Amino acid sequence: MEDRLLNIIEKEDKKNPYTDYELAELLNTKRETITSLRSRLNIPNSMERRKEVLLHLIRDLINENNRVSERELTKKINDCGFNVSRHTVRMLKREISEMDNIVKVAAKEKPDFKKTYKKPLAFENIIGFDGSLKPVIEQAKAAIMYPPNGLHTLILGPTGVGKSELAQAMYNYKLEINKGDHNSEFIVFNCADYADNPQLLISQLFGYVKGAFTGADEDKEGLVEKADGGVLFLDEIHRLPPEGQELLFYLIDRGKFRRLGETDNKRTANLMIIAATTENPDSILLDSFRRRIPMTIELPSLSLRPLNERLGMIIDFMRREANRTKSSIKISNDALKALLLYDCPGNIGQLRSDIQVSCARSFLNHVVNQTRIMEISINELPISAKKGLLKIPNYRMEIDKLVGNEDLIVYADDEIIEETLKEDLYTLPNETYSFIERRYKELQKQSINEELINYIIGNEMEEKLEKLMDKVKKIVNPIDKKDLSNIVGIEIINVVENIIKIAKWKLGVNEDSLYFCLATHLRATVDRAKKGIFIKNPQLNKIKKEYSREFEVAKDMVNIIEQELNIKFTEDEIGFITMYLQMTTSQDNLMEGRVGVVLISHGNVATGMAEVANRLLGVNHAKAIEMSLDENPEQALKRAIDLVKRVDEGKGVLLMVDMGSLVTFGDIITKTTGIKTRTISRTDTLMVVDAVRRCILPNANLDEIVESLVGEPKYEKKMGGKQSLPKPKIILTVCITGQGSAKRIQEMVIDIIGEYKEDVTVIPIGVLDENINNIIEEIQRDNEIIAAVGTINPMVKDVPYISIEDIVNGSADTKLKNIMVKEVGFKKTQKNKIINMFHRNTTIFDMDAMSKEDTIKELGHLLHKEGYVLEGFIDAALNREQLGPSFLREGVALPHADPSFVVEPHIAIGLLKNPIDWSGYKVNLVLLLAINDECMELILELKRFFENDENYNKIIKTKDFEDIEVLFRRS
């Protein structure tokens, strides 16, 4: 295919080169395959292949008439045989004027691609391959070329120096020198993932046989077998326990191994092992294992690399961000020098992270202020990076020779962004830029002034950064607060360290719950203050009145901030700090215990009701005891006492029983244990679901829960309690700018809740033009508010909040419908029937797929094309498969993804032409599920359908969608 691609490109119309899509059609393959192949062959994309010829023509036309208009210039260019837009001409014209001193226009001759594009060299993508890393690359090449399978290699170096990237390049080099070796694979195994479970680690590496342990229902090959003939990359080898090292050096010595559970059979594997560690190998590896790794390669830290290589890294990372944002980036000379010289203990990984944070800040300014390109000045850099300017006197001559006094402009080149093998934890999510741009356009349409737009987006960006920190905290717990300084700056970290002590001492807040949100918020606040931008806090009077204690503490904290940072804060800013304190202390209160729920029944009843309630509400809160008809009541009472002791969280326990002597258990348990209990008898599943829902709410009160359940009309016949009409259900839509915007959100909410709109009233309210607290209190007097949706959280007690961003990205659909199910009741609609989950447009007969990944991608593209799922669904489904294969039964797989990516429930069907391997299982039929939390019964229906072998045999033989419909209608 390489030669065919080169021939086509060599003969293409140089004025209108083939796009990757067109090349894919000509070669009868996928666009992704062409993009990847073109990248490996160092062939530019169609725009770049045309660019030099087009630049030359534009320059000639401008030289003929330097006053030619863009419209006329575009016409002349297209008259010469090109097919370009005015926008393209405009951008290239600007590039000519701005980059005259560095852009070299290529000659007019026809490029000979067979000569121009040499065979790729795997290491050339590593900056410094022919410089400071040349000895390293020579070692790597020698290790790969050593017969017969290469030398096992250990890569050493601190965090972030590029160990994973070097390992990947070594594998690529292996492919280059062994052309046509398509069976060679690069298998990655992170030893840290299984460091605490040696048996699981061994089963992952070497595989297992059926019956080796509980749950081992089939033989399964391990990663060693998959890497046979290729490379096994062991990352974080210092986390590999001694048992694993011993098994590996036996494999290295003899080329043999056994699967877990095997006794006699000895398997063979010929592979190359590449390992990586940040630690001293002599102290963390067994001597017997260490001696069997003959090649050691040590990568230097970033501080030991020459500045010209660091400049190359900066330009490369900036180019990646330019491609993400589709905008050129201008880096001021001071900012560039700072990035070149600042201390970067996290090495290349930290450099990339700091550049991404700087670009995110720049992109916000670019969108809000509608600038032509993104600009990064010293102000956009993290504090730690700014300190690089202090080192300029020590590097004056070298730095001036390298970058001079000119600003640097990096252009987007539309190349595919290849993610590294191991992404940095602190890398900002890819969608950050699109979020900023989308939110700006939304707010601009609402006629909001620029200052308020900046404020709103700034706050929402802070929320995103806060979520990012939460994510990192879960991965690395506790998080190293020094790492947070990469995003907010060491200056902010030092201030937060001081003011957090005041909040902890005077308010008793949880330090960690406040630390991260306050740090990210303060970063943005300080940036605004330095620019002289101070935002009016519309809630200031309310804050001072209702949260007077927190306000006084916030004033003390702001005094320290002002002294440390030499910045004067307004009272409005103190109000914002107060809100953080109030929210944090409120969150701490939410950590109080919940009301426990214990179900007790005669016979097999309680467990089933508890499982239904827990499943519907996504918790494991309800516990059950079942008393056999011949069991002594005293034995059941003893079990109940033990269970109540376990579930009590300090707020008492609700006992829900069916009849007889069980009604008396509550009083006895309270007298025996001192734990408060209340008992409800003659319970059914609906009441259990309602009870559990109420008991898990913040500030739940046992007595109030019992009174509300007893007083519900829907339980009246069973309970015999007093009648009281249920309060109407209300959803609030809230916007900071007023009722007009809230009404638009109201329309979106009504559209989402659809079938429930007759049961719920949606009321719009504005924050700035309403006395919001009085209005909410008035609404609550005769109604029940079940949700709030909008651009700002009105902080209504016990009421869930859904942001406008959730509506934009589609996750509000699931959240709102879950609330409807809990608050209004389940409504089974026609579209939830299994037969309505299929469509011929999302069904593929004789599907020619070679792997699980290909199948999920092809079916996922259909779901996305038809509007059933959001961008990211395919990656989420593939990631879900990493947790374990979604195998239903012999021949059938049910891959799926997180419900947050689902717009509307649907199932894509793939009837495979030939069976494929599905993580050790053979599969003929794939049903890619786009489901939400309401689809439990549908999944059970699918399971029941395929339990019938006759159904399975018929469906895999069918060639007509109508046959599928008939089969499911009959089931």
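We use all heavy atoms of the structure for the numbers below, so side chains are in, but hydrogens, waters and symmetry mates are not. As the structure is a computational prediction, the values presented were derived from the model and not from experiment.
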> Taking the side chain as everything from C-beta on, heavy atoms only, tell me whether V923 gets closer than 4.5 Å to T855.
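Contact flag for V923/T855 side chains = no.
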> What I'd like to find out is whether the side chain of M656 reaches to under 4.5 Å of the side chain of V692, using heavy atoms alone.
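A side-chain contact is absent here, since even the closest heavy-atom pair is not under 4.5 Å.
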> Within the side chain of R4, is there an N or O that forms a donor-acceptor pair under 3.5 Å with the backbone of L27?
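Pair absent, no side-chain N/O of R4 close to backbone of L27.
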> Look only at the side chain of D235 and the backbone of F189, and say whether a donor-acceptor pair between them is shorter than 3.5 Å.
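A pair under 3.5 Å: no.
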> V789 and Y801: which non-hydrogen atoms are nearest, and at how many Å?
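Minimum heavy-atom contact is C-CE1, 4.5 Å.
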> What pair of heavy atoms forms the shortest contact from G860 to V869, and how long is it?
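Minimum heavy-atom contact is O-CG2, 4.3 Å.
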> If you round to the nearest 0.5 Å, how far is OG1 of T29 from CG of L23?
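Here the interatomic distance stands at 11.0 Å.
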> Give a yes or no on whether D960 atom CG has more than 12 heavy-atom contacts from other residues, nucleotides or ligands under 6.0 Å away.
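Counting neighbours around CG of D960, more than 12 heavy atoms of other residues, nucleotides or ligands fall under 6.0 Å, so yes.
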> Are the side chains of R840 and E962 in contact, using a 4.5 Å heavy-atom criterion?
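Heavy-atom side-chain distance check passes, below 4.5 Å.
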> Measure the spacing between CD1 of I802 and CD1 of I745 and express it to the nearest 0.5 Å.
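So the gap between those two atoms works out to 12.0 Å.
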> For A893 and W918, work out which heavy atoms get closest and say how close.
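Nearest heavy atoms, A893 then W918: CB-CE2, 3.5 Å.
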> Parallel under 30°, tilted from 30 to 60°, perpendicular over 60°: which one fits the rings of F206 and F257?
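F206 and F257: tilted rings.
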> Is the CD atom of E947 crowded by more than 12 outside heavy atoms at less than 6.0 Å?
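Atom CD in E947 is packed in, count exceeds 12.
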> How about L205 and L247: do any of their side-chain heavy atoms sit closer than 4.5 Å?
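L205 vs L247: side chains apart.
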> Could you tell me whether the side chain of E225 reaches within less than 4.5 Å of the side chain of R259, counting heavy atoms only?
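Yes. Closest side-chain heavy atoms under 4.5 Å.
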> Classify the ring geometry between H839 and H906 as parallel (under 30°), tilted (30 to 60°) or perpendicular (over 60°).
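Answer is tilted, since the angle falls between 30° and 60°.
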> Quick one: pull up OH in Y208 and CD in E218 and give me the separation to the nearest 0.5 Å.
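It comes to 8.5 Å.
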> Do you know the tightest heavy-atom contact between V762 and Q746?
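That would be O-NE2, 2.7 Å.
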> Roughly how far, to the nearest 0.5 Å, is the CG atom of N924 from the CG atom of N953?
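Here the rounded value is 10.0 Å.
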> For the residue pair L928 and A877, what are the closest heavy atoms and their distance?
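Closest pair (atom of L928, atom of A877, distance): CD1-CB, 4.5 Å.
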> Would you compute the distance between atom CD1 of I753 and atom CD1 of I819 and round it to the nearest 0.5 angstrom?
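Going from CD1 on I753 over to CD1 on I819, the span is 10.5 Å.
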> Is the backbone of K913 close enough, under 3.5 Å, to the side chain of D846 for a donor and an acceptor to pair up by distance?
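Such a contact is absent between D846 side chain and K913 backbone.
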> Which heavy atom in P905 sits nearest to a heavy atom in Y868, and how many Å separate them?
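Where P905 meets Y868 most closely, the heavy atoms are O-CD2, 4.5 Å.
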> Hey, is the main chain of A849 close enough, under 3.5 Å, to the side chain of D854 for a donor-acceptor pair?
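Side chain of D854 to backbone of A849, a donor-acceptor pair under 3.5 Å: no, none is there.
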> How long is the straight-line distance from CD1 of I907 back to NE2 of H896, given to the nearest 0.5 Å?
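Between atom NE2 of H896 and atom CD1 of I907 there are 12.0 Å.
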> Test your reading of the model: is there a side-chain donor-acceptor pair from T842 to the backbone of A908, 3.5 Å cut-off?
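No, T842 side chain to A908 backbone: no donor-acceptor pair under 3.5 Å.
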